[in-house]
Amino acid sequence: MDILAQLNPAQKQAVEAINGPVLILAGPGSGKTRVITHRIAYLIKVVGVNPRRILAVTFTNKAAREMEARLNRLVSGSVQDLTLGTFHAICARILRQDGRAIGIDPKFVIYDDDDQISLLKKSLQELDLDPKQYAPRAIQSAITAAKSQMIGPADYLLHGRSYFEEIVARVYEKYEALLKASSALDFDDLLMKAVQLFRQNPEILARYQSRYLHIQVDEFQDTNLVQYELMKQLAGKHRNICVVGDPDQSIYSWRSADLRNILNFEKDYPDAKIVLLEQNYRSTRMILDAASSVISANKQRKPKDLWTENEPGVPCAVIETYSGEEEAQYVVGEIDNLVRRGEAKPGDCAVMYRTNAQSRLLEEAFIRYGMPYKLVAGTRFYERREVKDIIAYLRLVQNSSDTVSLMRIINVPQRGIGQRSLDELTAWARSQSVPEYRALQLLAESKGSAADLPFSQRTVKALAGFAVMMEKLVEKSRVLNMVELFDLVVEISGYKQYLAGLMDGEERWENVLELRGVAQDYRDRPSGEGLSAFLEGVALVSDVDSLDEKIDAVTLITLHQAKGLEFPVVFMVGMEDGILPHFKSIDDPGQLEEERRLCYVGITRAEKRVYLVRAFRRQLMGSSAVNRPSRFLEDIPSRLTTSQSVWESEDAWDSSAAPAQKPFAPPADIPEFRPGDHVRHEQFGEGVVVSYQKTRADAEVVVAFDGAGVKRLLLSFAKIEKV
DNA sequence: CGAAAGGCTCTTTTT
DNA sequence: GAGCCTTTCG
C-alpha cells in the first residue's frame with residue numbers, strides 16, 4: 001500500500017517532513033489523526049525507522065489506542081514497540097524506571113484529585129490551620145499552578161506576596177513532605193519530577209535522547225510549560241520533533257495549558273517547518289461557516305481560512321424550549337424523529353453540554369423515553385466510593401507507606417476504629433517517629449504486653465487485627481495473580497459482606513465486579529508486576545477512555561471531552577449566557593475567548609447536523625433563572641440557521657407523566673435471560689449473565705465475559721445469544 | 001463507636 | 001440539590 005497515495009498536498013507535505021522540527025497547524029476535520037498515523041507509518045515503512053525509536057504523545061489513552069489500531073492497519077505488527085501514550089503515562093513509566101536517581105521509590109502510588117485533597121486536609125490539620133478559612137480546593141489549585149511552572153515550596157515562599165500565598169507556601173511544604181512519606185506522586189509531580197530527573201541526571205537524559213529519534217506530540221495547544229520543557233529535553237539530541245495543534249481549539253488554560261507554547265516553538269526552533277491543514281473533510285459547508293463565524297469574533301487569534309468541498313447541507317437548527325426539562329425532552333424526541341426517518345442511528349448522535357450537572361436532566365429524559373445512551377463522564381467510575389476503596393486496599397498492599405489509602409480503608413468496613421483511635425494512632429506513630437503503617441505492625445507484635453500504650457484494650461485488638469489482615473494480603477500478593485488477589489481482598493476485608501448489608505449494596509457490588517473485570521486484563525502478568533501495572537492503569541485513565549463507539553447509543557458528553565471526536569449529528573444544549581459562556585468566565589475577556597473556542601469545538605464536531613438548543617428558564621443551583629440566549633449565537637449569520645420555538649407548556653413538566661410522544665421503538669421481541677445463563681456476544685465472546693432487568697422499552701443485562709470483563713448491555717442493541 | 005439527622009457550603013471544564 | 005461536616009443519640 002502506498003502510504004502517501006490518499007493524502008492531499010498539504011497532508012503529504014506534513015507526512016514527508018521528517019527531518020528537523022515541524023509545526024502542523026491543523027483545523028478541525030482536516031485529517032489530523034490521519035496525518036499523524038501516516039507520518040509514523042511512513043517513518044517505519046518507508047524510512048525504515050525502528051518503531052522502538054519513535055515516541056508519540058496523545059491527549060487521552062483513548063486517542064493512543066485509536067492511533068495504535070489505525071497504525072496496525074497501515075503497518076501490521078511492530079506497533080507495540082512504539083512508545084505511545086499520554087504525557088502522564090509516559091512520565092510514570094520513566095519515573096518507575098529511573099526515578100531512583102532523584103530519590104523516588106519505584107513503587108510510588110499516583111494520587112488523584114481526591115487523594116490530593118485528603119492529603120491537603122491532613123497537611124492543614126498538622127499545621128493547625130482551619131480548613132474552612134483556607135479552602136483545600138483553593139490551595140490545591142495554587143499548588144498545581146506552581147507545579148506546572150516547576151516552582152517548588154522553597155521558591156514559592158520567595159515569590160509569595162499575599163498572606164494567602166504565605167499560607168499556601170507553608171501548606172505546600174508540608175504537603176510535599178507527606179507525599180514523600182507516603183511514597184506518592186500527584187499528577188503534576190509525574191511531569192515535574194521527570195523534568196527534574198533529566199535536569200539533574202544528564203546521563204539518564206542522554207539515554208532517552210538517543211533512543212527517541214522521532215517525537216510526535218498531538219493536541220499541542222493544550223500542553224503546559226512543564227510538558228513543553230520535557231518534550232524539548234527529549235528532542236534535545238535529534239531535534240526531530242513534530243507537534244500538531246490548533247490554537248482555536250485550546251480549551252484547557254485552566255489546567256495551565258499555555259498557548260505560548262506554540263509561539264515559543266517557532267522561537268525555540270527557528271528552522272521549524274510550518275504546515276497548515278485547512279481543508280475540512282468532516283462538516284457540511286453550512287456547519288463549517290457557522291463555526292468559522294463564531295470563532296472569528298475572537299480578537300486574540302490568527303485568522304485562518306478553512307474550506308471544504310463538502311455539500312452545503314442544512315442550516316443549523318436554533319431551538320428554544322421552555323425549561324431544562326423540555327430541552328432534554330426535545331433532544332430525545334428529535335433524535336427519535338431522525339431515527340424514524342432513517343436519517344441517523346442513535347449512535348450517530350451526541351449531546352454536548354458545558355457542565356456535568358447538565359447531564360442529569362438529559363439522562364432522565366433518555367431513561368423515561370427508553371432511548372439508549374452512553375454517558376461519558378458523570379458516572380466517573382473510578383471516583384466511586386467502592387471502587388476507590390478497593391483500589392486503596394490494593395495500593396496499600398503494594399506500598400505500605402500510602403497513608404491516604406490507609407486512612408481511607410482502615411475502618412471500611414467498620415472495624416471499631418473510630419476517629420479517636422485514629423488520632424491516637426497518628427499521635428503515637430509520631431511520638432515513635434515511625435509511619436502509621438509501621439506503628440500498626442508494632443502494635444500487632446506487642447499485643448498483650450501493651451500496658452504502656454495509650455490505647456484501650458479493644459482498640460489495640462482492632463488495630464492489630466487490621467494489621468494482621470493487611471500482612472496476609474501482602475504476603476499472598478507475591479504468589480497470587482491479579483484476579484486472585486482482587487478476590488482475596490474483597491473477601492477477607494469483609495467488603496463483600498459489608499456491601500451486602502447496604503441499601504444500594506447491589507449496585508455498588510456491580511461496580512466492584514466491573515473493577516474486577518479490569519483486573520482480569522492483568523491476570524497473566526507475574527504477581528507483583530501485575531499489581532503495579534493494574535494500579536498504574538487505573539490511576540491514569542480518563543473518562544473518554546471508556547467511550548465505546550461500537551455500542552449504538554446516543555453519546556452524552558461535555559464539550560471538553562468531545563474534543564477530538566466527531567459525530568454525524570450534534571446537539572449543543574444550554575446555549576445560554578451564564579452556561580455557555582459560563583458565568584464564571586463572562587467578565588474576563590481572555591476566559592470569554594476560551595468559552596468561544598469551546599463553542600467552536602462543539603460545532604466543529606458535527607458532520608451533517610447541528611442543533612443549538614436553549615431553555616427560556618431553568619433551575620440553576622436550586623432556584624429558577626431566566627437566561628438570555630448565548631451571545632455566541634449572535635455571531636452566526638441568519639442565513640446559516642433556522643430558528644424555532646418549541647414551548648410545550650408554561651408549567652413545569654410533570655416528570656411522572658407518560659412521555660408526550662411515543663417512546664423510542666424497541667425491537668418487538670426482547671429475549672429473556674436469567675442470571676447464570678451462558679451467552680455469546682459477537683465482540684466480547686462468551687460469558688455468564690450476572691443480572692437481567694427489564695426496563696420500560698428495553699432490557700438491560702449485565703454479563704461477566706470470560707475475556708472482556710463485566711459489561712452492561714442493552715438487549716435491543718447488543719446481539720447476545722444463549723449458548 | 002456508629003448511625004442518623006441536621007446544617008453548612010459550593011458548584012466549570014480533567015490528566 | 002448534593003456532598004461534606006458536625007452534632008446528637010443509642
Side-chain angles (χ1 to χ4, degrees), chain A residues 57-64 85-92 110-114 116-118 121 130-133 135-138 140-141 144 147-148 185-192 219 222-224 226-227 250-257 324 352-361 376-378 380 382-383 385 411-422 424 456 458-459 462 501-503 536 538-545 557-563 574 578-586 588 591-592 594-595 597-599 601-602 619-624:
Chain A
V57 187
T58 55
F59 196 67
T60 60
N61 296 302
K62 176 167 181 285
T86 63
F87 268 110
H88 290 86
I90 289 168
C91 287
I110 300 168
Y111 277 0
D112 68 12
D113 217 60
D114 248 26
Q116 248 187 82
I117 295 291
S118 307
K121 283 184 186 158
D130 180 8
K132 278 199 182 123
Q133 203 172 350
R137 283 264 157 228
Q140 181 205 28
S141 70
T144 295
K147 286 191 176 182
S148 343
L185 300 180
D186 63 27
F187 282 142
D188 305 304
D189 282 340
L190 293 175
L191 307 170
M192 189 178 80
E219 306 286 6
D222 286 321
T223 54
N224 65 28
V226 191
Q227 290 168 329
S250 161
I251 52 177
Y252 282 95
S253 71
W254 48 273
R255 217 174 74 192
S256 317
M352 302 180 184
Y353 36 85
R354 174 67 235 264
T355 66
N356 277 308
Q358 290 170 263
S359 67
R360 228 192 65 244
L361 283 180
V376 172
R380 296 285 174 93
Y382 287 100
E383 285 169 29
R385 209 160 69 232
N411 200 34
V412 180
Q414 296 92 318
R415 304 187 170 88
I417 304 172
Q419 194 52 50
R420 241 187 85 202
S421 308
L422 283 182
E424 282 165 354
S456 72
R458 200 174 56 163
T459 309
L502 255 50
M503 247 212 313
E536 188 134 326
V538 300
L540 297 174
V541 285
S542 64
D543 292 309
V544 256
D545 291 343
I557 193 170
T558 66
L559 286 162
H560 281 88
Q561 294 170 327
K563 190 179 67 159
I579 296 184
L580 182 70
H582 194 269
F583 69 94
K584 281 221 159 188
S585 306
I586 261 172
D588 177 329
Q591 285 190 56
L592 193 63
E594 183 147 319
E595 297 285 315
R597 292 195 290 269
L598 206 45
C599 182
V601 166
Q619 300 286 115
L620 272 176
M621 295 177 212
S623 54
S624 174

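Computed from heavy atoms alone, side chains included, the values below leave out hydrogens, waters and symmetry copies. Just so we're on the same page: letters track the sequence lines, and every chain starts at 1.
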Q | Length of the line joining A:Asp112:CG and B:dT14:P, which is rounded to integer Å | A | 14 Å

(Q) What's A:Asn411 touching, base or sugar-phosphate or nothing? Going by heavy atoms closer than 4.0 Å. (A) sugar-phosphate

**Q.** Presence of A:Gln619 side-chain N/O under 4.0 Å of C:dG1 phosphate oxygens OP1/OP2
**A.** no

**Q.** B:dT14 OP1/OP2 closer than 4.0 Å to side-chain N/O of A:Asn356
**A.** yes

Q: Indicate whether A:Trp254 forms a stack on B:dT13; treat it as stacked only if centroid distance is below 5.5 angstrom and interplanar angle below 30 degrees.
A: yes

**Q.** With sequence neighbours excluded, residues passing salt bridge (Lys or Arg N to Asp or Glu O under 4.0 Å) with A:Asp113
**A.** A:Arg137

Q) In terms of side-chain heavy atoms of A:His88, which of C:dC5, B:dT14, B:dT15 is nearest? A) B:dT15

Q: Using only side-chain N and O atoms of A:Thr558, determine if any of them is under 4.0 Å from OP1 or OP2 of B:dT14.
A: yes

Q) Mind checking whether A:His560 and A:Tyr252 have parallel, tilted or perpendicular rings, split at 30° and 60°? A) perpendicular

Q: Tell me, please, which residues at least two apart from A:Thr355 pass side chain to side chain donor-acceptor pair (under 3.5 Å).
A: A:Gln358

Q: Identify which nucleotide among B:dT15, B:dC1, B:dT13 has an atom closest to any side-chain atom of A:His560, counting heavy atoms from C-beta outward.
A: B:dT13

**Q.** Contact under 4.0 Å: A:Lys121 side-chain N or O vs C:dC5 OP1/OP2
**A.** yes

(Q) Using whole Å, what does the distance between atom P of nucleotide B:dT13 and atom CD of A:Glu594 come to? (A) 13 Å

Q: Name all residues meeting the side chain to side chain donor-acceptor pair (under 3.5 Å) criterion together with A:Asn411; count only those two or more places apart in sequence or in a different chain, and write none if there are none.
A: none

(Q) Can you identify which nucleotide, out of B:dC1, B:dT15, B:dT11, has its nearest atom closest to the A:Lys584 side chain? (A) B:dT11

Q: Identify all stems in which DNA chain B takes part, counting only runs of at least 3 consecutive pairs (Watson-Crick or G-U wobble, each distance under 3.5 Å), and give each as one range with another, ordered by first number.
A: B:1-10 with C:1-10

Q.
Using heavy-atom distances to pick each residue's nearest nucleotide on DNA chain B, tell me which of A:Ile417 and A:Arg255 is more 5'.
A. A:Ile417

**Q.** Toward the 5' end of DNA chain B, by each residue's nearest nucleotide, A:Asp188 or A:Phe583
**A.** A:Phe583

Q. Think A:Gln414 has a side-chain N or O under 4.0 angstrom from the OP1 or OP2 of B:dA3?
A. yes

Q: Please list, chain by chain and in numerical order, all residues satisfying side chain to side chain donor-acceptor pair (under 3.5 Å) with A:Asn224, sequence neighbours excluded.
A: none

Q.
Once side chain to side chain donor-acceptor pair (under 3.5 Å) is applied, do any residues pair with A:Ser421, and if so which ones, sequence neighbours excluded?
A. none

Q) Whole-Å distance between B:dT14 P and A:Glu219 CD? A) 14 Å

Q: Classify the nucleic acid contact of A:Tyr252 as base, sugar-phosphate or nothing, counting any heavy atom under 4.0 Å across all strands shown.
A: sugar-phosphate

Q | Residue pair A:Pro413 / A:Arg415, side-chain heavy-atom distance below 4.5 Å | A | yes

(Q) I want to check one thing: is the phosphate of B:dT11, taken as OP1 and OP2, less than 4.0 Å away from some side-chain N or O of A:Thr355? (A) no

